[in-house]
Q: 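Okay, handing you the structure first.
Predicted model only: the values in this text are computed from it and were never measured.
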Amino acid sequence: LAQLETNDHFTARIHENSHFHFPKSPQQLIFIANGTGIAPFLGMLQENNKNVETHLFWGGRTKESFEHYRTTVEGAIAQKRLTSFNPVYSQTTPKKEYVQHRIFKKADWIAEVLQKGGSIMICGSLNMQQGVVKALEEIVTAKLNTSLTEFEQKKQIKMDCY
């Protein structure tokens with residue numbers, strides 16, 4: 001797209017993931033995203049009319065990366081559609097931190113949410129997905145003595161990564 005000239009045309013289509021929507025009866029939600037993977041979650045927050053406890057972990061390169069989303073995220077918090085926002089900026093500290101590192105720091109809470117029937121939804125890059133899945137697998141193995149597959153089969157873990 002960056003190489004298109006004014007008045008150039010291109011063909012595109014929207015590919016809907018029918019399995020990646022705001023759950024019908026959620027207990028508690030954890031959204032995990034990086035970059036533009038935040039977009040589906042911003043839309044889903046508008047569907048949170050019952051103010052379900054919802055937490056968003058988002059990874060960007062710098063604080064400036066968040067400016068595109070600030071108004072929507074702050075509005076969702078003010079409307080109680082979003083309980084907490086946990087940003088991680090990978091390029092702002094000497095030792096890079098990513099969302100999977102933040103998830104791992106909250107291992108006890110993550111395990112509790114899953115054990116109580118809550119859901120985790122992941123959207124963003126494949127690299128982020130791999131890191132988050134590895135962290136979640138370690139958490140459920142250590143804290144719940146089970147496999148992440150158990151929660152995937154129960155549809156408590158949903159992913160749409162690219």
Q: Do Tyr98 and Phe104 share a hydrophobic cluster, counting only Ile, Leu, Val, Met, Phe, Trp and Tyr and linking them when any side-chain heavy atoms are less than 4.5 Å apart?
A: no
Q: Rounded to the nearest 0.5 Å, what separates atom OG in Ser125 from atom CG in Asn34?
A: 4.0 Å
Q: Between Met128 and Ile32, what is the shortest heavy-atom contact and its length?
A: SD-CG2, 4.1 Å
Q: How many angstroms lie between CG in Leu136 and CD1 in Ile103, if you round to the nearest 0.5 Å?
A: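 CD1 of Ile103 is found 6.5 Å from CG of Leu136.
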Q: So, the side chain of Thr141 versus the backbone of Glu138: is there a donor-acceptor pair under 3.5 Å, distance only?
A: no
Q: Group every Ile, Leu, Val, Met, Phe, Trp and Tyr by side-chain heavy-atom contacts under 4.5 Å, then state whether Met121 and Ile30 land in the same group.
A: no
Q: Show me the donor-acceptor pairs within less than 3.5 Å that the side chains of residues 152-162 make with the rest of the protein, sequence neighbours left out.
A:
| from | atom 1 | to | atom 2 | distance (Å) |
| --- | --- | --- | --- | --- |
| Lys154 | NZ | Glu150 | OE2 | 3.2 |
| Gln156 | NE2 | Leu114 | O | 2.9 |
| Gln156 | NE2 | Gly118 | O | 2.7 |
| Tyr162 | OH | Thr36 | OG1 | 3.4 |
| Tyr162 | OH | Gly37 | N | 3.2 |

Q: Any link between Val133 and Phe20 through a network of hydrophobic side chains (Ile, Leu, Val, Met, Phe, Trp, Tyr) touching at under 4.5 Å?
A: no
Q: Does atom CZ of Arg70 have more than 12 heavy-atom neighbours, drawn from other residues, nucleotides or ligands, at distances under 6.0 Å?
A: yes
Q: Given the rule in the side-chain contact (heavy atoms from CB on, under 4.5 Å) test, do Asn127 and Gln130 qualify, once you have shown the distances and angles that lead to the verdict?
A: CA-CA 5 Å; Asn127 284 338; Gln130 291 168 354; 3.8 Å; yes
Q: Any chance you could measure Lys95, atom NZ, to Ser90, atom OG, to the nearest 0.5 Å?
A: 14.0 Å
Q: Measuring centre to centre across the rings, with the benzene-like ring taken for any Trp, is Phe85 within less than 6.0 Å of Phe66?
A: yes
Q: Looking at Lys105 and Glu97, is there a salt bridge between them, counting it only when a charged N and a carboxylate O are closer than 4.0 Å?
A: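 Salt bridge: yes.
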Q: State, yes or no, whether a side-chain contact exists between Lys116 and Gln28 at a heavy-atom distance under 4.5 Å.
A: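 No, every pair of side-chain atoms sits at 4.5 Å or beyond.
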Q: Checking His55 against Thr83: is there a side-chain donor and acceptor pair closer than 3.5 Å?
A: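 No pair is found: no donor N or O on one side chain lies under 3.5 Å from an acceptor on the other.
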Q: Shortest non-hydrogen contact from Pro26 to Leu29?
A: CB-CG, 3.9 Å
Q: Assert yes or no for the condition that the ring centre distance of Tyr69 to Trp58 is strictly below 6.0 Å.
A: yes
Q: Determine, stepwise, if the pair Phe151 / Thr149 fulfils side-chain contact (heavy atoms from CB on, under 4.5 Å).
A: CA-CA 5 Å; Phe151 298 102; Thr149 304; over 6 Å; no
Q: Are Trp109 and Ile122 co-members of a hydrophobic cluster defined by side-chain heavy atoms under 4.5 Å apart?
A: yes
Q: First locate atom CG of Leu144, then atom CD of Glu112, and finally report the distance between them rounded to the nearest 0.5 Å.
A: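 These two atoms lie 10.0 Å from each other.
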Q: Under 3.5 Å, which donor-acceptor pairs link side chains of residues 38-50 to any protein atom two or more places apart or in another chain?
A:
| from | atom 1 | to | atom 2 | distance (Å) |
| --- | --- | --- | --- | --- |
| Asn48 | OD1 | Asn51 | N | 3.2 |
| Asn48 | OD1 | Val52 | N | 2.7 |
| Asn48 | ND2 | Val52 | O | 3.0 |
| Asn48 | ND2 | Thr54 | OG1 | 3.2 |
| Asn48 | ND2 | Arg81 | O | 2.7 |
| Asn49 | OD1 | Arg81 | NH1 | 3.0 |

Q: Please assess Asn145 against Val140 for the test side-chain contact (heavy atoms from CB on, under 4.5 Å), listing each intermediate value before the final yes or no.
A: CA-CA 6 Å; Asn145 198 30; Val140 299; over 6 Å; no
Q: Quick one: pull up OG in Ser147 and CD in Glu137 and give me the separation to the nearest 0.5 Å.
A: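 Rounded to the nearest 0.5 Å, the OG-CD separation comes out at 4.5 Å.
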Q: Between CZ of Arg13 and OG1 of Thr11, what distance do you get to the nearest 0.5 Å?
A: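 The distance works out to 11.5 Å.
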Q: With the 4.5 Å side-chain cut-off for hydrophobic clustering, are Ile139 and Val113 part of the same group?
A: yes
Q: Closer than 3.5 angstrom, by distance alone: can the side chain of Arg61 be matched with the main-chain N or O of Tyr89 as a donor-acceptor pair?
A: no
